[in-house]
Engineer: 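Before I ask anything, let me first share the structure, which is written out below as structure tokens.
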Amino acid sequence: MLTAKQRELLLFVHKRIEETGVSPSFDEMKEALDLASKSGIHRLITALEERGFLRRLPNRARALEVLKLPDAAVPGHAQRRPTTPFRPSIVSSDAAPRPAQNESIPLLGRIAAGVPIEAIQHEVDRIVPPSDIEGRDHFALEVKGDSMIEAGILDGDIVICNPGETAVSGDIVVALIDEEEATLKRFRKKGGSIALEAANPKYETRIFGPDRVRVQGKLVALIRKYN
């Protein structure tokens with residue numbers, strides 16, 4: 001099973017080769033995946049090679065061959081897929097289609113507001129967002145934990161998020177750590193690092209290199225149920 005970044009890179013390379021006949025440069029791949037250095041691209045390519053999805057062609061510059069795509073039926077043959085740009089998302093590719101209007105949005109499961117839990121992957125339900133939330137791309141998560149209580153976010157709350165991969169210091173975001181853990185924290189940039197800051201003195205601020213954290217969306221609203 002590929003990580004989100006491995007999948008993103010594979011589909012980006014496949015799309016570029018389909019469009020131009022030439023694989024993208026490392027700089028282009030780094031920019032497309034918003035990575036801080038080309039070393040991250042080298043690691044992703046190596047992982048895709050080991051899994052049989054990519055092959056580096058010897059003695060040729062910028063030479064990558066896509067051997068197969070995720071779920072490809074025939075190993076060694078890249079099946080033709082739509083060439084629309086791949087958009088990284090918490091929602092898996094087999095999630096239910098989005099509604100034509102803002103009638104409901106996907107509830108993707110639980111997000112940790114405390115010790116990070118397994119990354120959110122699948123839609124588990126649909127909910128109707130507050131009436132002032134516009135746009136059909138939003139998603140919802142159920143909060144698990146108490147690390148954001150001083151920001152007014154409690155265990156069991158439903159947070160509504162606007163998907164995206166950019167944030168400014170102070171935003172409360174859904175952050176994916178090492179492509180494996182999802183957590184809800186306040187985003188801070190500290191020099192060349194990223195800090196994920198809790199809103200509860202019981203929890204320490206966690207500091208990561210920029211290539212270890214990927215923003216998935218920003219908090220825009222909250223739903224609370226009362227018994």
Engineer: With side chain to side chain contact (heavy atoms under 4.5 Å, CB included) as the test, would you mind laying out the steps for V173 and L184 before giving the verdict?
Structural biologist: CA-CA 6 Å; V173 304; L184 183 73; over 6 Å; no
Engineer: Looking at E18 and K15, is any side-chain nitrogen of the basic one under 4.0 Å from a carboxylate oxygen of the acidic one?
Structural biologist: no
Engineer: So do the side chains of I45 and V13 get within less than 4.5 Å of each other, counting heavy atoms only?
Structural biologist: no
Engineer: Just how far is it from atom CD of Q6 to atom CG of L33, taken to the nearest 0.5 Å?
Structural biologist: 10.5 Å
Engineer: Please check if L44 and L69 belong to a single hydrophobic cluster, counting links between Ile, Leu, Val, Met, Phe, Trp and Tyr side chain heavy atoms closer than 4.5 Å.
Structural biologist: yes
Engineer: So do L219 and I153 actually touch side chain to side chain, heavy atoms under 4.5 Å?
Structural biologist: yes
Engineer: Using a 4.5 Å cut-off on heavy atoms from C-beta on, say whether the side chain of L176 contacts that of V174.
Structural biologist: no
Engineer: I'd like to check R43 versus D211 (side-chain heavy atoms, cut-off strictly below 4.5 Å). Are they in contact?
Structural biologist: yes
Engineer: For A167 versus F187, what's the shortest heavy-atom pair and its separation?
Structural biologist: O-CE2, 3.7 Å
Engineer: I need the I127 CD1 to I158 CD1 distance, nearest 0.5 Å.
Structural biologist: 6.0 Å
Engineer: Run the side chain to side chain contact (heavy atoms under 4.5 Å, CB included) check on L154 and V143 step by step: do they pass?
Structural biologist: CA-CA 7 Å; L154 308 182; V143 174; over 6 Å; no
Engineer: Using a cut-off of 6.0 Å, state whether more than 12 heavy atoms not belonging to E49 lie near its atom CD.
Structural biologist: yes
Engineer: Drop me the distance from I172's CD1 to E197's CD, to the nearest 0.5 angstrom.
Structural biologist: 9.5 Å
Engineer: Is there a side chain to side chain contact (heavy atoms under 4.5 Å, CB included) between K5 and L35? Walk through the geometry before answering.
Structural biologist: CA-CA 10 Å; K5 278 295 186 188; L35 296 182; 4.1 Å; yes
Engineer: Check whether any side-chain heavy atom of I177 lies under 4.5 Å from a side-chain heavy atom of L196, and answer yes or no.
Structural biologist: yes
Engineer: If you take all heavy atoms of A151 and R186, which pair is closest and at what distance?
Structural biologist: CB-NH2, 3.9 Å
Engineer: Show the nearest heavy-atom pair for residues D157 and G152, with the distance to one decimal.
Structural biologist: OD2-O, 3.9 Å
Engineer: Side chains of V66 and L54, heavy atoms from C-beta outward: is any pair under 4.5 Å?
Structural biologist: yes
Engineer: Quick check: closest heavy atoms across A4 and R214, and the distance to 0.1 Å?
Structural biologist: CB-NH2, 3.0 Å
Engineer: Side-chain contact test, heavy atoms from C-beta onward, threshold under 4.5 Å: evaluate it for R110 versus E142 and give yes or no.
Structural biologist: yes
Engineer: Going from CG on L222 to CD1 on I160, what distance comes out if it is rounded to the nearest 0.5 angstrom?
Structural biologist: 8.0 Å
Engineer: For residues G145 and D155, report the shortest heavy-atom separation together with the two atoms involved.
Structural biologist: N-OD1, 2.7 Å
Engineer: Looking at T183 and I111, what are the two nearest heavy atoms and their distance?
Structural biologist: N-CD1, 3.5 Å
Engineer: Would you compute the distance between atom CZ of R51 and atom CG of L67 and round it to the nearest 0.5 angstrom?
Structural biologist: 14.5 Å
Engineer: Rounded at 0.5 Å granularity, tell me how far OH in Y203 sits from CE in M148.
Structural biologist: 11.5 Å
Engineer: Are M29 and S23 close enough that some pair of their side-chain heavy atoms sits under 4.5 Å apart?
Structural biologist: no
Engineer: Mind running side chain to side chain contact (heavy atoms under 4.5 Å, CB included) on V215 and D171 for me, showing each step along the way?
Structural biologist: CA-CA 11 Å; V215 173; D171 286 341; over 6 Å; no
